[in-house]
Chemist: 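Sharing a structure with you now.
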Amino acid sequence: MSELSPRRRLLVLAICCMSLLLVSLDNTVLNVALPSLQRDLDASTSGLQWTIAAYTLVLASLLMLAGSTADRIGRRRVFTAGLVVFTLGSLLCSLAPNLEALVAFRMVQAVGGSMLNPVAMSIITNTFTDPRERARAIGAWGAVVGLSMAAGPLVGGLLVDSVGWRSIFWINLPVGLAALVLTLRFVPESRAPKARRADPVGQLLVIALFGSLTYAIIEAPHASLSTTVPFGAVALASLVALLRYEPRRHEPLIDLRFFRSAPFSGATVIAVSAFASLGGFLFLSTLYLQNVRGLSALEAGLWMLPMALPTFLCAPLSGRLVGNRGPRLPLLIAGGAMTAAGLLFALFEAETSDAARVVGYVLFGVGFGFVNAPITNTAVSGMPRAQAGVASAVASTSRQLGQALGVAVVGAVLAAGVDSSSYAESFTEASRPGWWILTACGLAVLVVGAATSGRWACATARRTAERLESAEIREAAGADA
C-alpha cells in the first residue's frame with residue numbers, strides 16, 4: 001500500500017472506527033433492550049444469554065479466518081463485504097418474529113462483523129507505520145468503544161421506550177451504508193506480500209471448541225449431565241486436536257508460534273479476562289436495574305453513564321501512555337480499577353446503594369477504558385507487518401470469546417441461584433458468585449499485565465517477530481526455488 005497523506009490516513013482511521021462503532025454499539029444497545037425483549041418474546045435467562053452469546057461466538061469463530069482471508073485476497077474487499085452482510089443482518093434482526101429467528105439473524109450479523117474489526121485493525125496497522133502514530137490511532141480506536149458505551153445505553157433506552165426493541169437494529173442501517181460508500185471511495189486496497197492458504201480443518205475445530213464449550217456452560221443450569229457432558233467432551237477433544245494439528249500445517253489458521261511471545265500471550269489472556277468481565281458486568285447490571293429496581297430502559301441507560309463516560313475519556317489517554325511509556329502502566333491501572341469495582345459489588349453489595357453503585361461503575365469504566373489500547377498494540381506491534389491481519393484477529397477473537405464466556409458463566413450462575421417465584425428478592429444473593437467471578441477477571445488483568453509487560457517480555461516479543469520474519473523469508477525462498 002502506497003504512503004498516504006496525513007489527512008488521508010486520518011480519514012481511513014475514521015472509516016475504520018465507524019465499523020467498530022457498528023459492532024460495539026450493537027452490543028451495548030442490545031443489553032439495555034434485554035428486559036423488553038424478554039417480555040415480548042417470552043425469553044428465559046438462557047434465551048437472553050443466547051441473543052448475546054450467539055453473536056459473539058460466531059464473531060470469535062470467524063475472526064481469524066476473516067483476518068487471514070483479508071491478508072490474502074485484499075483487506076478493502078473483505079471489509080466491504082463485511083459492511084454489506086452486517087447491515088443486512090441488522091435489517092433481518094429488526095424483523096425477527098421470535099427468539100429463535102432473532103438468534104439466527106444475530107449470527108448473520110456476526111458473520112459480517114467478523115469481517116470488520118480485525119480487518120479494520122489490519123488496515124490501521126498498515127496505514128500508521130510509525131509506532132507512536134499507531135499507538136495514538138489505536139487509542140482513538142479504543143475511544144470508539146467508550147463512545148458506544150456512552151451512546152448505546154442512552155440511544156437504546158430512548159428507542160426501546162419510545163418505539164420498541166426492534167428499532168435498536170435500525171440505527172445500524174444508515175451508519176453501515178455511509179461506511180460502505182466511504183470505504184469504496186477512500187480506503188486503498190492492501191494485502192499481505194505472501195498469500196496464506198485456507199485451513200478448513202482448523203476452522204472447524206475452532207467452531208466446535210467455542211460452540212460446544214459455550215453451549216455446555218449456558219445450558220448447565222437447565223439440562224441434565226447427559227446433555228451437557230458430551231458437549232464438554234467435544235470442546236476438550238477439539239482443543240487437543242487443534243493443538244496437535246495446527247503446528248503441523250505449513251500455513252495454519254492459528255500460528256501457535258505467536259504465543260512464544262510473552263506479551264502476545266499475556267495480551268490474549270488479558271483480552272479474554274477483561275471482556276469476560278465486561279460481558280458479565282453489563283448482563284448483571286442491566287437485569288438488576290430494570291427487572292429488580294423497576295427502571296425503564298432509558299433510566300437504566302442513564303445509570304450506565306458513570307461507567308461509559310470514563311471508558312470514553314480514558315481510552316485515548318491509554319493510547320498516548322502506550323505510545324510514550326509502553327503498556328505496563330495502563331494495564332496496572334486497568335487491572336486495579338476493575339478488581340476494585342468487582343470487590344465493591346462482591347463484598348459490599350454496591351448495587352443496593354446508589355452512591356456505591358456509581359463508584360463501582362466509575363471504577364469499572366476507568367479500568368475498561370485503559371485496557372483496550374495495550375491489548376491491541378501489544379498484539380500487533382511485536383508481529384511482522386505481513387501477519388498484522390492474523391495477529392489482530394487473534395486479539396479480536398480473544399475479546400469476543402471472553403465476552404461470550406462472561407455472559408455464559410455469569411448468566412449460568414445467576415440462573416442456577418435465582419428463584420423465579422421471587423425474582424427481585426433472590427437476585428442480589430444469586431448474583432454474588434457472579435461478582436466474585438468478575439473480580440477474579442480484573443485480578444487476572446492486573447497480575448498478567450504486570451508479569452508480561454516488563455523489559456524481558458518485550459525482548460521475547462522482538463525475538464519472536466525476528467524468528468517469524470526469518471521463517472517467512474526462508475519459506476518464500478523455498479517456494480520460489
Side-chain angles (χ1 to χ4, degrees), residues 22-58 86-110 113 148-149 151-174 214 218-219 221-222 279-304 403-404 407-408 410-412 414-415 418-424 426-427 430-431:
L22 274 174
V23 177
S24 56
L25 187 67
D26 197 70
N27 266 339
T28 54
V29 169
L30 183 62
N31 268 280
V32 174
L34 286 179
S36 175
L37 188 152
Q38 185 178 31
R39 291 189 297 270
D40 285 358
L41 300 182
D42 193 25
S44 62
T45 299
S46 64
L48 296 181
Q49 289 172 270
W50 278 117
T51 61
I52 298 174
Y55 178 82
T56 52
L57 270 179
V58 173
F86 186 90
T87 305
L88 176 62
S90 299
L91 177 62
L92 293 174
C93 285
S94 70
L95 303 174
N98 51 49
L99 182 67
E100 291 76 13
L102 178 61
V103 171
F105 295 150
R106 289 277 290 165
M107 294 171 73
V108 174
Q109 267 191 312
S148 71
M149 290 183 67
L154 288 177
V155 173
L158 182 62
L159 288 173
V160 170
D161 282 350
S162 59
V163 183
W165 64 265
R166 296 179 187 278
S167 62
I168 64 175
F169 297 105
W170 297 344
I171 59 177
N172 294 333
L173 305 183
T214 305
I218 289 179
E219 298 300 327
H222 317 285
F281 198 99
L282 291 175
F283 192 78
L284 288 178
S285 297
T286 299
L287 294 182
Y288 176 79
L289 290 172
Q290 295 189 55
N291 287 353
V292 178
R293 293 293 300 272
L295 301 181
S296 68
L298 179 57
E299 290 170 331
L302 290 170
W303 264 107
M304 295 288 186
Q403 191 163 352
V407 172
V410 170
L414 179 66
V418 75
D419 184 353
S420 57
S421 62
S422 56
Y423 186 93
S426 62
F427 186 96
S431 65

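Here the structure is a predicted model, which is why all the values come from computation and not from measurement.
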Chemist: Got a donor-acceptor contact below 3.5 angstrom from the S285 side chain to the L282 backbone?
Modeler: no
Chemist: Restricting to side-chain contact (heavy atoms from CB on, under 4.5 Å), what partner residues turn up for V410, sequence neighbours left out?
Modeler: L284, L438
Chemist: Can you name the nearest heavy-atom pair linking F86 to G113, along with the distance?
Modeler: CD1-N, 3.8 Å
Chemist: Taking all non-hydrogen atoms of both residues, which atom of T45 and which atom of A415 are closest, and how far apart?
Modeler: CG2-CB, 4.3 Å
Chemist: Heavy-atom distance under 4.5 Å between the side chains of L302 and L295, does that happen here?
Modeler: no
Chemist: Throw together a table of side-chain donor-acceptor distances under 3.5 angstrom for residues 151-162, partners on residues two or more places apart or in other chains.
Modeler:
| unit_1 | atom_1 | unit_2 | atom_2 | d |
| --- | --- | --- | --- | --- |
| D161 | OD1 | A297 | N | 3.4 |
| D161 | OD2 | S296 | OG | 3.3 |
| D161 | OD2 | L298 | N | 3.0 |
| S162 | OG | L158 | O | 2.6 |

Chemist: Give me the ring orientation class for F427 and Y288: parallel if the planes are under 30° apart, tilted from 30 to 60°, perpendicular past 60°.
Modeler: tilted
Chemist: Please report the interatomic distance OG1(T286) to CH2(W303), rounded to the nearest 0.5 Å.
Modeler: 14.0 Å
Chemist: Look up atom CD in Q290 and atom CG in L34, then write down how far apart they are to the nearest 0.5 Å.
Modeler: 8.0 Å
Chemist: Rounded to the nearest 0.5 Å, how far does OG1 of T56 lie from CD of Q49?
Modeler: 11.0 Å
Chemist: By side chain to side chain donor-acceptor pair (under 3.5 Å), which residues pair with S426, not counting sequence neighbours?
Modeler: none
Chemist: Please determine whether side-chain contact (heavy atoms from CB on, under 4.5 Å) holds for the pair D40 and R166, giving the CA-CA distance in whole Å, both sets of side-chain angles, and the decisive distance to 0.1 Å.
Modeler: CA-CA 11 Å; D40 285 358; R166 296 179 187 278; over 6 Å; no
Chemist: Between the main-chain N or O of G279 and the side-chain N or O of Q403, is there a donor-acceptor pair closer than 3.5 Å?
Modeler: no
Chemist: Quick one, L287 and L48 - any side-chain contact, counting heavy atoms below 4.5 Å?
Modeler: yes
Chemist: To the nearest 0.5 Å, what is the distance between CG (N31) and CZ (F283)?
Modeler: 8.0 Å
Chemist: Tell me which pairs pass side chain to side chain donor-acceptor pair (under 3.5 Å) where either residue lies in residues 95-107, with sequence neighbours left out.
Modeler: D26-R106, N27-R106, R106-Q109
Chemist: Can you find a heavy atom in the side chain of T87 that is under 4.5 Å from one in the side chain of L173?
Modeler: yes
Chemist: For V58, give me all partners under side-chain contact (heavy atoms from CB on, under 4.5 Å), at least two apart in sequence or on another chain.
Modeler: L62, M107, A110, V111
Chemist: Given side-chain hydrogen bond (donor to acceptor under 3.5 Å, both in side chains), test W50 with E219 step by step and report yes or no.
Modeler: CA-CA 10 Å; W50 278 117; E219 298 300 327; 2.9 Å; yes
Chemist: Partners of F281 by ring pair (Phe, Tyr, Trp, His ring centres under 6.0 Å), sequence neighbours excluded?
Modeler: F345, Y361, F364, W435
Chemist: Taking all heavy atoms of A53 and all of T214, pick out the closest pair and write down the distance.
Modeler: CB-CG2, 4.2 Å
Chemist: What closest approach, in Å, do S94 and W170 show between heavy atoms, and which atom pair accounts for it?
Modeler: CB-NE1, 3.2 Å
Chemist: If you measure from CG on L25 to CD1 on I171, what distance do you get to the nearest 0.5 Å?
Modeler: 4.0 Å
Chemist: Consider side chain to side chain contact (heavy atoms under 4.5 Å, CB included). Of V292, L414, V418, which one does S431 pass it with?
Modeler: L414
Chemist: Which residue is it: L95, L37, L30? I am looking for the one with a side chain to side chain contact (heavy atoms under 4.5 Å, CB included) to L102.
Modeler: L37
Chemist: Looking only at heavy atoms, what is the nearest atom pair of S46 and I218, with distance?
Modeler: CB-CG2, 4.0 Å
